[in-house]
Amino acid sequence: MHMAENDQKTPVNRDLLEATINIIRQSLQADGGDVALIDCDDEGVVTLEMQGACAGCPLSAYDMSEGIERILREHVPGVTRVQPAIF
């Protein structure tokens, strides 16, 4: 079997990714929180660090998967998943 050309992964546009995260940050900052882009790999996996009030909030994991990931996947082609940074 050979792979069709359209099976190749879409590279994530880093500028678009950062611009979209900056829009998300505005609503998080209004609640005393923040988010920082740590990495985006070749598989489209975006690593984010929740900061400020979001860092200790029990809802931050839900916000990341149901809110931030959904928005990024919808608006930034190539994003496949969002995961929290683990330090």
Side-chain angles (χ1 to χ4, degrees):
M1 289 179 59
H2 75 297
M3 291 182 65
E5 285 185 35
N6 61 359
D7 286 345
Q8 294 178 353
K9 295 192 183 325
T10 302
V12 174
N13 180 322
R14 185 91 180 196
D15 291 336
L16 179 60
L17 177 62
E18 290 178 5
T20 307
I21 289 172
N22 282 337
I23 293 168
I24 296 167
R25 291 178 72 218
Q26 293 172 11
S27 62
L28 293 174
Q29 289 170 342
D31 290 332
D34 207 347
V35 64
L37 174 62
I38 303 301
D39 189 33
C40 180
D41 69 16
D42 293 339
E43 299 295 313
V45 178
V46 176
T47 303
L48 300 175
E49 179 187 11
M50 301 303 277
Q51 300 175 330
C54 293
C57 176
L59 288 176
S60 68
Y62 176 81
D63 288 344
M64 186 173 288
S65 65
E66 295 301 317
I68 297 172
E69 180 175 285
R70 182 181 55 78
I71 292 166
L72 292 180
R73 288 179 68 175
E74 190 173 305
H75 294 283
V76 185
V79 171
T80 57
R81 188 164 57 92
V82 174
Q83 67 183 12
I86 299 174
F87 295 107

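Position 1 is the first residue of the sequence, and the numbers go up from there. Below, each value reflects all heavy atoms present in this structure, side chains not excepted, and no hydrogens, waters or symmetry copies.
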Please table the atom pairs, donor to acceptor, closer than 3.5 Å between any side-chain atom in residues 37-45 and protein atoms at least two apart or in another chain.
{"residue": "Asp41", "atom": "OD1", "partner": "Glu43", "partner atom": "N", "Å": "2.9"}
{"residue": "Asp41", "atom": "OD1", "partner": "Gly44", "partner atom": "N", "Å": "3.1"}
{"residue": "Asp41", "atom": "OD1", "partner": "Val45", "partner atom": "N", "Å": "2.9"}

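- Note: Leu28 CG to Cys57 SG = 10.0 Å, rounded to the nearest 0.5 Å.
- What you find for Ala36 and Gln51 is that their closest heavy atoms are CB-NE2, 3.5 Å.
- Annotation: the span from Met64 atom CE to Ile24 atom CD1 amounts to 10.0 Å, rounded to 0.5 Å.
- Distance check, rounded to the nearest 0.5 Å: CZ of Arg25 to CG of Asp34 gives 4.0 Å.
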TODO: Evaluate the criterion side chain to side chain contact (heavy atoms under 4.5 Å, CB included) for residue pair Ile68 and Met50; output intermediate values, then yes/no.
DONE: CA-CA 11 Å; Ile68 297 172; Met50 301 303 277; 4.2 Å; yes
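- The shortest non-hydrogen separation linking Cys54 to Gly33 is SG-CA, 3.6 Å.
- Counting all heavy atoms, side chain and backbone alike, Arg73 lies closest to Val79 at CG-O, 3.6 Å.
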Let me have the donor-acceptor pairs involving side chains of residues 14-21, under 3.5 Å, with sequence neighbours excluded, atom names and distances please.
{"residue": "Arg14", "atom": "NE", "partner": "Glu18", "partner atom": "OE2", "Å": "3.4"}
{"residue": "Thr20", "atom": "OG1", "partner": "Leu16", "partner atom": "O", "Å": "2.8"}

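- Thr47 and Ala85 get closest at one heavy-atom pair: CG2-CA, 3.6 Å.
- Once rounded to the nearest 0.5 Å, the distance linking CD of Gln26 with CG of Asp31 reads 13.0 Å.
- In this structure, Glu69 CD and Arg81 CZ are separated by 8.0 Å, a value rounded to the nearest 0.5 Å.
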